[in-house]
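Each ligand, and each atom within it, is numbered from 1 in the order the structure gives.
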Amino acid sequence: MKALIETRNTRTERVFLVGVERQNHDRTALRDSLTELGELTTTAGGEVIGDGIQKMESLSPATFIGKGKAEEFAKFCETNDVDTVIFDDDLSPAQCRNLEKIFECKILDRTSLILDIFAQRARTREGKMQIELAQLQHLLPRLTRFWGHLSRQSGGIGMRGGEGESQLEADRRKVSERIDKIERDLDAVRRQRATQRAGRQRSQWPLASIVGYTNAGKSTLLNALTGSDVLAKDILFATLDPTTRRLKLPTNQNVLLTDTVGFIKKLPHGLVEAFKATLEEVVRADLLLHVVDISHPQAEEQIAAVDAVLAEIGADEKPTLMIFNKMDRLDGGGALNRLQEKFPHAVAISATTGEGVPALLAEIGTQLLPKREFLELRIPHGQSAVIARLHKVGQVIERRYNGKTARFKARIPPHHHAEFAAFIVR
Ligand SMILES: Nc1nc2c(ncn2[C@@H]2O[C@H](COP(=O)(O)OP(=O)(O)OP(=O)(O)O)[C@@H](O)[C@H]2O)c(=O)[nH]1
Ligand SMILES: [Mg+2]
């Protein structure tokens with residue numbers, strides 16, 4: 001079955017952004033949020049023509065911003081040939097419809113925009129299915145507005161759909177069938193993942209997951225540590241699908257390192273839901289490596305946004321190593337000093353120059369150490385296979401031979417405990 005919502009290139013859309021300044025909220029935060037919305041728009045292939053802010057104490061249930069303000073913005077949009085207006089906050093389907101009547105152009109919210117970028121980026125079958133599901137669920141109630149007089153304007157950002165629109169129009173049932181089908185397929189894919197995972201579980205290397213705000217340098221770090229070549233680019237959401245690589249620490253300990261999708265402020269809940277399977281790597285990790293772009297003026301807010309998503313997926317209690325990246329871009333130490341005070345164990349690095357990476361590896365080793373159990377063993381010389389095995393899976397710290405047995409002090413991964421149980425002295 002063909003996807004109902006598909007990605008296709010369209011001409012550069014002219015976009016106007018709208019933000020709301022609420023009482024007691026500071027203006028810089030809103031400005032930064034709009035700047036980010038602008039970056040998201042560019043990432044999606046649009047061109048920002050301008051933006052407008054309205055100060056409001058309470059939002060209008062009908063039109064989100066005030067009707068008068070909306071009309072004022074609409075006039076600007078008409079004069080400047082704007083195709084699409086994007087709101088920094090989520091709109092209800094009714095607000096979308098009402099605003100569309102005022103603006104007479106396509107109205108999107110932040111969530112639709114992020115979903116659209118994800119749709120463009122998804123590469124694996126699972127990624128594509130997850131995103132299509134989230135899009136169908138989020139956009140479906142909002143799509144209705146394009147069925148009327150504005151149907152000509154559908155397509156483009158947030159609305160990329162091949163045969164989609166007419167199909168939707170013709171038969172809503174088809175959409176829910178499609179949702180069912182994706183859900184079934186996703187189930188199958190997830191079962192397959194679980195099998196792969198079980199296979200990996202047998203190898204029992206500890207798992208470390210790289211998390212962080214989008215564009216923090218997660219993929220660059222994975223590449224630097226493991227010599228892989230995951231796409232690392234100065235765009236938002238360069239990575240969608242997780243990549244796992246083996247990392248051998250200087251102590252010879254092996255770690256499975258996963259790079260995955262970046263987080264963002266106001267990450268749509270539906271998307272977190274949709275990506276739960278992908279993010280399972282994060283949930284299952286023994287250690288989280290939280291990469292922060294320390295050169296970003298909003299570094300602290302970004303840390304908070306990442307923590308919020310971690311809490312949402314139930315991974316906020318995990319042992320976490322804070323990594324302050326892009327040290328090479330810092331000139332003054334203002335934000336760095338403040339954040340180092342807050343996170344005294346953070347490791348400062350530059351993933352591009354390699355500065356601080358040896359210290360990072362040592363710290364990862366230390367953090368994962370409790371994964372190994374310290375044991376004293378007595379093994380008869382005759383059991384040479386067991387002795388060889390011990391050297392292979394463990395780290396022998398001390399060895400003494402007396403008489404017919406050899407005594408060892410060694411660290412071994414706990415899942416190998418059973419193999420040596422008969423020989424443990426202490
Ligand atoms: N100057 C400098 N740039 C860096 C460093 N680390 C990463 N970058 C750059 O930052 C940009 C984003 O890097 P990525 O590795 O793609 O970031 P990411 O966290 O994987 O981003 P997403 O996958 O989009 O969420 C790229 O242009 C990198 O070259 C660093 O230590 N110093
Ligand atoms: Mg990446």
Quiz item: In the protein, which heavy atom is nearest to atom 31 (O) of ligand 1, and how far is it?
Solution: Ala351 N, 2.9 Å
Quiz prompt | Numbered atoms of ligand 1 (with element) below 4.0 Å of Asp328, judged on heavy atoms | solution = 1 (N), 2 (C), 30 (C), 31 (O), 32 (N)
Quiz item: Can you tell me if Thr220 and Asn223 form a side-chain donor-acceptor pair at under 3.5 Å?
Solution: no
Practice problem: Could you check atom 30 (C) of ligand 1 against the protein and tell me its nearest heavy-atom contact, residue, atom and distance included? | Solution: Thr352 OG1, 3.2 Å
Self-check item: Closest protein heavy atom to atom 17 (O) of ligand 1, given as residue, atom name and distance to 0.1 Å
Solution: Gly217 N, 3.1 Å
Quiz item: Is there a donor in the side chain of Thr226 and an acceptor in the side chain of Arg245, or the other way round, less than 3.5 Å apart?
Solution: no
Exercise. Determine whether the side chains of Asp88 and Ser33 contain a donor N or O and an acceptor N or O closer than 3.5 Å.
Key: yes
Exercise. Look at Lys67 together with Glu71 and state whether they make a salt bridge at an N to O cut-off of under 4.0 Å.
Key: yes
Exercise. Applying side chain to side chain contact (heavy atoms under 4.5 Å, CB included), run through Phe64 and Asp109 and close with a yes or a no.
Key: CA-CA 11 Å; Phe64 193 72; Asp109 56 18; over 6 Å; no
Quiz item: Is there a nitrogen or oxygen of Lys326 sitting under 3.5 Å from a nitrogen or oxygen of ligand 1?
Solution: yes
Exercise. Under 4.0 Å from a heavy atom of Arg329: give me the atoms of ligand 1 that qualify, with their elements.
Key: 1 (N)
Quiz item: Should the heavy atoms of other residues, nucleotides or ligands under 6.0 Å from CD of Glu398 be counted, would the total exceed 12?
Solution: yes
Quiz item: Gly212 near ligand 1, heavy-atom distance under 4.0 Å?
Solution: no
Quiz prompt | Contact check: Asn215 to the Mg ion (ligand 2), N/O/S below 2.8 Å | solution = no
Self-check item: Protein heavy-atom partner closest to atom 15 (O) of ligand 1 - residue, atom, separation in Å
Solution: Thr220 OG1, 2.5 Å
Self-check item: Protein contact of atom 16 (O) of ligand 1 - nearest heavy atom, named by residue and atom, plus distance
Solution: Lys233 N, 3.0 Å
Quiz item: Would you call Asp185 and Lys181 a salt bridge, taking side-chain N to carboxylate O under 4.0 Å as the test?
Solution: yes
Self-check item: Identity and separation of the nearest protein heavy atom to atom 24 (O) of ligand 1
Solution: Ala238 N, 2.6 Å
Exercise. Give the atoms of ligand 1, by number and element, whose distance to some non-hydrogen atom of Thr214 is under 4.0 Å.
Key: 22 (P), 24 (O), 25 (O)
Exercise. Answer yes when Glu72 and Lys69 have at least one side-chain N-carboxylate O distance shorter than 4.0 Å, and no when they do not.
Key: yes
Self-check item: Gly262: numbered ligand 1 atoms lying under 4.0 Å from its heavy atoms
Solution: 25 (O)
Exercise. Identify the protein heavy atom lying closest to atom 19 (O) of ligand 1, giving its residue, its atom name and the separation to 0.1 Å.
Key: Lys218 NZ, 2.6 Å
Self-check item: Lys/Arg N to Asp/Glu carboxylate O, Lys265 vs Glu301, below 4.0 Å
Solution: no
Self-check item: Nitrogen or oxygen atoms of Ile349 and ligand 1 under 3.5 Å apart
Solution: no
Quiz prompt | ligand 1 contact on Asn325 by region, counting heavy-atom pairs under 4.0 Å | solution = side chain
Quiz prompt | Lys326/Asp293 salt bridge by N-O under 4.0 Å criterion | solution = yes
Quiz prompt | 4.5 Å side-chain heavy-atom contact, Glu300 and Leu339 | solution = yes
Self-check item: Shortest protein heavy-atom distance from atom 21 (O) of ligand 1, along with the residue and atom involved
Solution: Asn215 N, 2.9 Å
Quiz item: What do you reckon, does Val261 have a nitrogen or oxygen under 3.5 Å from a nitrogen or oxygen of ligand 1?
Solution: no
